[in-house]
Amino acid sequence: MSSQNIEITLPDGSVRSYPSGVTGMQIALDISEGLARNVLAAKVNDEVWDADLPILSDSRVALLTWKDQEGKSTFWHSSAHLLAEALESLYPGIQLGIGPAINSGFYYDVDFGDLELSADELPKIEARMVELAREKNTYQRTDVSKQDAIAYFKEKKDKYKLELIEDLDDGTISFYKQGQFTDLCRGPHIPHTGFIKAVKLLNVAGAYWRGNENNQQLTRIYGVSFPKQKELLEHLALLEEARKRDHRKLGKELELFAFSEKVGMGLPLWLPKGTRLRERLEEFLRKAQVKAGYEPVITPHIGGKNLYVTSGHYEKYGKDSFQPISTPHEGEEFLLKPMNCPHHCEIYKVRPRSYKELPLRLAEFGTVYRYEQHGELHGLTRVRGFTVDDAHIFCRPDQVKEEFLKVIDLTLFVLKALNFEKFVAQLSFRDPEDHEKYIGEDAVWERAEREIAEAAAEKKLETVTEYGEAAFYGPKLDFLVKDALGRTWQLGTIQVDYNLPERFELEYIGSDNQKHRPVMIHRAPFGSMERFIAVLIEHCGGNFPLWLSPEQFAILPISEKYHAYAETLYKAFVEKGFTGSVDHRDEKIGRKIRDAEVNKIPFMLIVGEKEEQAQLVSVRKHGTGDLGQMKWAEFIEMMQKEIEVELKYN
RNA sequence: GCCGACGUAGCUCAGAGGUAGAGCGCUUCCUUGGUAAGGAAGAGGUCACGGGUUCAAAUCCCGUCGUUGGCUCCA
């Protein structure tokens, strides 16, 4: 025991002095008992430690609780151990793979041998976990030699753990034990199992040992846990809400899109209502792009194979793409286009370009086809044919930053107009360790990365920087958007590209009368129409803003007698550019209202004798209820005003 | 692609060796009804597809297609 004092710097900047060997928990106790009760782990100099590990030298220390993401991760990792303990007690003889924390919960991979675990058994396992948690067993860390570690798992006959130990260096191996269960683990863990008050095992799935399909398949049990029962209930409610908002379900119910086995998997069919929605989005962006100086272009759905040999896509993706189609007699080969950029490069090249006409911004809602593996397909978010709200900006190197700023503006405009208020911009830069993976000169990259960062900073974007996430051809700025349920989606992207201008030998004549190479910026504020609409559907739960709604109004006559009046109204609304319908069915008004509500139609107009006589409409708003009567012209104004407000950024 | 689950009427689903069921929707009739489901009748199915086992298959077995949960977020 050293009598020496060390200095502990807390996150608020305050510095406290403690004897060397003080633990995170002791510091917490010193600050307040309440804090101590909630401490899950300690972050010491950016490394997460067990709260009871002695701190030996001057350090920055943050005490992690449930409020911290790292606290949650530690909590879930410890929960995974608890799951393993429960499984071992219920199914002796099983072998364990790995059991990490994940974004939202944890899993454990288990080899049950000949045993088949069905989802029906999960509640039993949960109950066992809760039972074990109540024992408040501490998670005890022991450092072990490689030899001892091997001996332990040989005895236990756990081949997976033995394989893991093989790859570890002697002297770096540790075990954690809670209750009767010991696991190979680097840690850290929460102080004791008693923190885990609520557990839910969510599903069972197959997963390969080490993610390699040639390896043994293990049973993966996913779960989530919380320090309070209430938080579990809230989490489950959120999952339930996510199920309700699933774009595949709503897409079917609201008749937005469909799939057909005959057309082919991953090839969406846009139904009339979905098309209306999508075209409104496209129109919205088209208008914004015209203002921002883009020029629309249109290119074919296929391109000569040579085009993609030049672009490099053939070499890189050729094998994993739809195979070339060929002409019947000459055998010329064409590829379904997987990207729009090569076509746009050819547009750039139709004639020599002067520096004076740069930046040249070519925009196209270009449909592309990419082969995705069977198992990768998912609703509209992973498909084989989709439309990119693509544009390529050809500019001089000195214009990159300026263009980036403009593209950021456009992207923010789009996100705001669609009520995506929360997002972070991810700066995807080169892996600093390995510049070999990337093409282009260091100086050019450094400049581009600096300028992207500056542009993001100037726009006051909240950013995260990810090294190694750049494309091989240039750095990116990706928009990670949070939806109404707090889930993150990568939508828009802006990418700098030095590769294609090189490969296509793009040039412009500079003011020095010399040839120069332009820089290309790829950008797509939506990303793809399919994916964006999927996210939009889930974000708003199918309750689209009025301007996007495929059916903006439904006129509901009280009875047949008022059909003529309903028709007059219908014509007037359509005249003003709104879409909707008249419910001619021989049903009572309650029924018509119910069906319109179920179909999430923003405005219902009930018309009967009173309305017809005074040229009124009774307005009912979806999800809100009766708004009372008004002149039908006033109603049109009301809709127009609502759309104006929705598009206030326009 | 690999593993598991699933595929029955337009939709949501029940049925588990013995000739196909419900609710909603659809059609027709009655009803002309004022803010979330009026009543009656009717039509609608090669039980995904192809083989096999069986006296008999939607049901059991094999294959194909499709849908779906997963397939390192590294002890």
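Order of the sequence lines fixes the chain letters, A, B, ..., with proteins taken first and strands second; residue numbering starts at 1 for each chain. Because the structure is predicted, anything quoted here is derived from the model rather than measured.
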Quote, to the nearest angstrom, the C1' distance that separates B:rU19 from B:rC26. 27 Å
Counting only distance, no hydrogens or angles, is the base of B:rG4 paired donor-acceptor with the side chain of A:Thr219 under 3.5 Å? no
With a 3.5 Å limit on both atom pairs, tell me what B:rU32 is paired to, counting Watson-Crick and G-U wobble, or say none. none
Nucleotide paired to B:rC55 in any strand shown, Watson-Crick or G-U, under 3.5 Å: B:rG18
Pairwise C1' distance for B:rG17 and B:rC55, with rounding to whole Å: 12 Å
Flag the pair A:Glu538 and A:Arg245 as a salt bridge only when some basic side-chain nitrogen lies within less than 4.0 angstrom of an acidic carboxylate oxygen. no
Of the nucleotides B:rC11, B:rU35, B:rU32, which has the atom closest to the A:Lys252 side chain? B:rC11
Students often get this wrong, so: under 4.0 angstrom with heavy atoms, is A:Lys610 touching a base, only sugar-phosphate, or nothing? base
Would you measure the distance from the P atom in B:rU59 across to the matching atom in B:rC49 and give it in whole Å? 10 Å
Re B:rC24: Watson-Crick or G-U wobble partner, both distances kept under 3.5 Å, found to be B:rG10
A:Glu70 and A:Lys43 ion-paired at < 4.0 Å: yes
What is the distance from CZ of A:Arg585 to P of B:rU32, rounded to the nearest Å? 18 Å
Give the B/S/- string for nucleotides 67-73 of chain B, one per nucleotide from 5' to 3', where a protein heavy atom under 4.0 Å of the base yields B, of only the sugar-phosphate yields S, and otherwise -. SSSBBBB
Whole-angstrom distance between B:rA58 and B:rG7, as gauged at atom P: 15 Å
Could you state the CD-P distance from A:Glu587 to B:rU27, rounded to the nearest angstrom? 10 Å
Look through every strand shown and name the nucleotide pairing with B:rC49 as Watson-Crick or G-U wobble, where both distances are under 3.5 Å. B:rG63
B:rG69 -> Watson-Crick or G-U wobble partner, both distances under 3.5 Å, gives B:rC3
Between the base of B:rG33 and the side chain of A:Glu560, is there a donor and acceptor pair under 3.5 angstrom? no
Is a side-chain donor-acceptor pair under 3.5 Å present for A:His584 with A:His563? no
Counting only Watson-Crick or G-U wobble pairs whose two distances fall under 3.5 Å, which nucleotide matches B:rA37? none
Please give the nucleotide sitting opposite B:rA43 as a Watson-Crick or G-U wobble pair, both distances under 3.5 Å, or none. none
For the C1' atoms, the ones on B:rC61 and on B:rA20, what distance do you get once it is rounded to whole angstrom? 23 Å
Would you say that A:Val368 contacts A:Phe386 through its side chain, given a criterion of any heavy-atom pair below 4.5 Å between the two side chains? yes
Whole angstrom value for the distance that separates C1' of B:rC11 from CG of A:Asp595: 14 Å
Using a heavy-atom cut-off of under 4.0 Å over every strand shown, decide if A:Glu372 touches base, sugar-phosphate, or nothing. nothing
On a whole-Å scale, what distance lies between the P atoms belonging to B:rC13 and B:rG69? 14 Å
Sugar-phosphate, base or nothing in reach of A:Leu168, heavy atoms under 4.0 Å: base
Main-chain N/O of A:Pro123 paired with A:Lys200 side-chain donor or acceptor, under 3.5 Å: no
Write down the distance between CZ (A:Arg594) and C1' (B:rA36), rounded to a whole number of angstrom. 6 Å
In whole Å, measure the gap between the C1' atoms of B:rU31 and B:rA40 for me. 11 Å
Short question: side chain of A:Asp183, backbone of A:Tyr176 - any donor-acceptor pair under 3.5 Å? no
Whole-Å gap separating C1' (B:rC74) and CZ (A:Arg186): 7 Å
Are a donor atom and an acceptor atom from the side chains of A:Asn137 and A:His192 found within less than 3.5 Å of each other? no
Salt-bridge present (A:Lys621, A:Glu597; N to O < 4.0 Å): no
Can a donor-acceptor pair be found between the side chains of A:Asp478 and A:Thr493 at a distance below 3.5 Å? yes
In whole angstrom, give the distance that lies between atom CG of A:Leu556 and atom P of B:rA36. 12 Å
Between CD of A:Gln629 and C1' of B:rU35 the distance, given in whole Å, is 12 Å
First encountered from the 5' end of RNA chain B, between A:Lys561 and A:Arg620: A:Lys561
Euclidean distance, atom CD of residue A:Glu597 to atom P of B:rG34 [Å, nearest integer]: 19 Å
Select base, sugar-phosphate, or nothing to describe what A:Gly608 touches, counting heavy atoms under 4.0 Å on all strands. base
Taking any heavy-atom pair under 4.0 Å as a contact, classify A:Glu253: base, sugar-phosphate, or nothing. nothing
Pick base, sugar-phosphate or nothing for A:Ile606, based on heavy-atom distances below 4.0 Å to the nucleic acid. base
Closer than 4.0 angstrom, basic N to acidic O: yes or no for A:Arg384 and A:Glu372? no
In whole angstrom, give me the gap between the P atoms of B:rG44 and B:rG21. 14 Å
Has A:Lys588 got a side-chain N or O lying under 4.0 Å from the OP1 or OP2 atom of B:rU35? no
